[in-house]
Amino acid sequence: MHPIISIKDVSKTYKSGVKALQPVSLDIMKGEIFALLGPNGAGKTTLINMTCGIVNLSSGTIVADGNDIIRDYKEARKKIGLVPQELHTDAFERVIDTVTFSRGLFGFAPNPAYIEKVLRDLSLWEKRNAKIMELSGGMKRRVMIAKALSHEPKILFLDEPSAGVDVELRRDMWEMVRNLRKSGVTIILTTHYIEEAEEMADRVGVINKGQLILVEEKTTLMRKLGKKQLTLELATPIDAVPDGLNGYHVELVDEGRQLVYSFDANAADTGIHGFLKRIGELGVDYKDLHTEQSSLEDIFVSLVHSK
Amino acid sequence: MTQSEAIPQAAETRGTTFNLFGIQAIYRFEMARWFRTLGQSLFSPVLSTSLYFIVFGSAIGSRMGTIGDVSYGAFIVPGLIMLSILTESVSNASFGIYMPRWAGTIYELLSAPVSALEAVCGYVGAAATKSVVIGVVILITARVFVDYHVQNWPVMLLFLVLTSISFCLFGFILGVLADGFEKLQIVPMLILTPLTFLGGTFYSITMLPEPWRTLTLFNPVVYLISGFRWAFFGAQAADVNIGLSLSAISVFLAVCLAAVWWIFKTGYRLKN
Ligand SMILES: Nc1ncnc2c1ncn2[C@@H]1O[C@H](COP(=O)(O)OP(=O)(O)OP(=O)(O)O)[C@@H](O)[C@H]1O
Ligand SMILES: [Mg+2]
């Protein structure tokens, strides 16, 4: 696989003096779903907007599908679709007109059949003659997606696509994103719902305070950083962690009713066997036990905080 | 990479094709916006022109002499058309580009494979079309009130079109520079209205005493109205030479084009 987007030493300092992005280099692979995570103000939107031509680059170069986004901006932009974070729509336009407009703006000949397909896929066909201002927030976001797809882009940026979208629709959208990927579209999305990234992404990038602190395969990341926890439901609550467990990473939670042992799921010896044996020797009685793996969300939170 | 390379011009890019569909999309969008309010868009210039005719043409005009052998009522027709075209061009074109900036929908234009020239063709082309239509509608309305003859149709249309394009460009620039709705209204009101009223809409500058007569020659609108009037009634009604008028409008057009080119080249006020 070769990169479809190649970002090299791209940085951004806004006119206000805000240094939104330190020099960032990143390759996005053809056909992947890449999730860009990071807290508010991290610089996700800035990076996306620079790639799409909305914000000027302060330094660096970006190449999209072989086209420099500045020198060959027309070729580059034809291949990129963007669903921005903010809901910027016209009010009085009809849904079908605004989507048709987008296709034309990107230099493509009219294709009503394709527009109909896009609107049907997004459950907007029934609303095609409605004025945009008559739509709900979630519907407006879908109109934005339809506009972004109107010129059959090879690369799709979704800047927080699921903000304000209800649960069912979010699942539909995940489905749509997967179908798009199947058809060969590369997708870069940002989200604050980590489970969304966990559900869909092939790779994850984490930005914090303008720095790209990590880029990793999602599964590798979860394996690398994934901690597992063994929780014992105690038969009778205890006041303190028994002295005999000193060598283990153990916490007492839920007012002494649960004993939680954290271990590295990838280690050759997880220590579970020895731990449970020790518990037996100490005479700690438990009525139930379960293990759980940390989610991407836990990993994300600890990453952002440790920096 | 410096900011001045923000939006490359055609010469710096390779493998680019002229985005005709893009221009069409913008043009249609702008015209659709206009058609939605076509009634009021046409009604207000027609109404104000009619009022001017009733007040100046009929009431006052009946006591005025002729200028050359042109009746006063007929004399003010070209001036009134220019008055409307100037204000309508500036307000239409500035609104057309200010709205997307204000509403945020400009993101789409900025992310589209549309060059500066193409964007201007779409936006200014649509705004200028509206202005020309309004000009023609006023021309027809005027006919209800006074009898006039156009001596030189080609020059008249040339002036109509050039003025519309120039002032739409001017409006476009204003719409890009403005950082509030007030500014969109202040410029036409504070600059355009005085310039048109003092530019000979209702009188020939030969009627003015010195030093006003010489001072007025610094008002660019004088040249436009004079040239337009020349096309209607010939040299007898014109204040300045027709060649001078044509040069004036050409220079104004060139200045506006240069400004627009610079704005897109730098991304000034359009991009962060
Ligand atoms: N137009 C602008 N002018 C000046 N500063 C800006 C502008 N846009 C963003 N910033 C600043 O740049 C930084 C990065 O903002 P950005 O919008 O890229 O963050 P983000 O990661 O998308 O955040 P969020 O999750 O809230 O959308 C922030 O400090 C923000 O205040
Ligand atoms: Mg953002």
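To find a chain, count down the sequence lines: A is the first, B the second, and so on, and within it residues start at 1.
- A side-chain contact (heavy atoms from CB on, under 4.5 Å) with B/Tyr107 is found for one member of A/Glu86, A/Met144, A/Gln85 and no other, namely A/Met144.
- Both the backbone and the side chain of B/Leu109 come within less than 4.5 Å of a heavy atom of chain A.
- Heavy-atom neighbours of A/Lys79 NZ from other residues, nucleotides or ligands within 6.0 Å: above the threshold of 12.
- Here the straight-line distance linking atom OG1 of B/Thr105 with atom CG of A/Leu87 works out to 12.5 Å at 0.5 Å rounding.
- Nearest heavy atoms, B/Pro113 versus A/Lys78: CG-CG, 3.7 Å.
- Taking a 6.0 Å sphere around NZ of A/Lys140, one finds it holds more than 12 heavy atoms contributed by other residues, nucleotides or ligands.
- The environment of A/Lys19 atom NZ is dense: over 12 non-hydrogen atoms of other residues, nucleotides or ligands sit within 6.0 angstrom.
- Taking non-hydrogen atoms and a 4.5 Å limit, the residue list of residues 88-114 of chain A in contact with chain B, ordered by number, reads A/His88, A/Thr89, A/Asp90, A/Phe92, A/Glu93, A/Phe101, A/Ser102, A/Gly104, A/Leu105, A/Phe106, A/Gly107, A/Phe108, A/Ala109, A/Pro110.
- For the options A/Leu82, A/Ile54, A/Val55, heavy-atom pairs under 4.5 Å to chain B are most numerous at A/Ile54.
- The distance from the NE2 atom of A/His151 to the CZ atom of B/Phe21 is 15.0 Å, given to the nearest 0.5 Å.
- The stretch residues 24-44 of chain B places B/Ala25, B/Ile26, B/Phe29, B/Arg36 near chain A, each with some heavy atom under 4.5 Å from a heavy atom of that chain.
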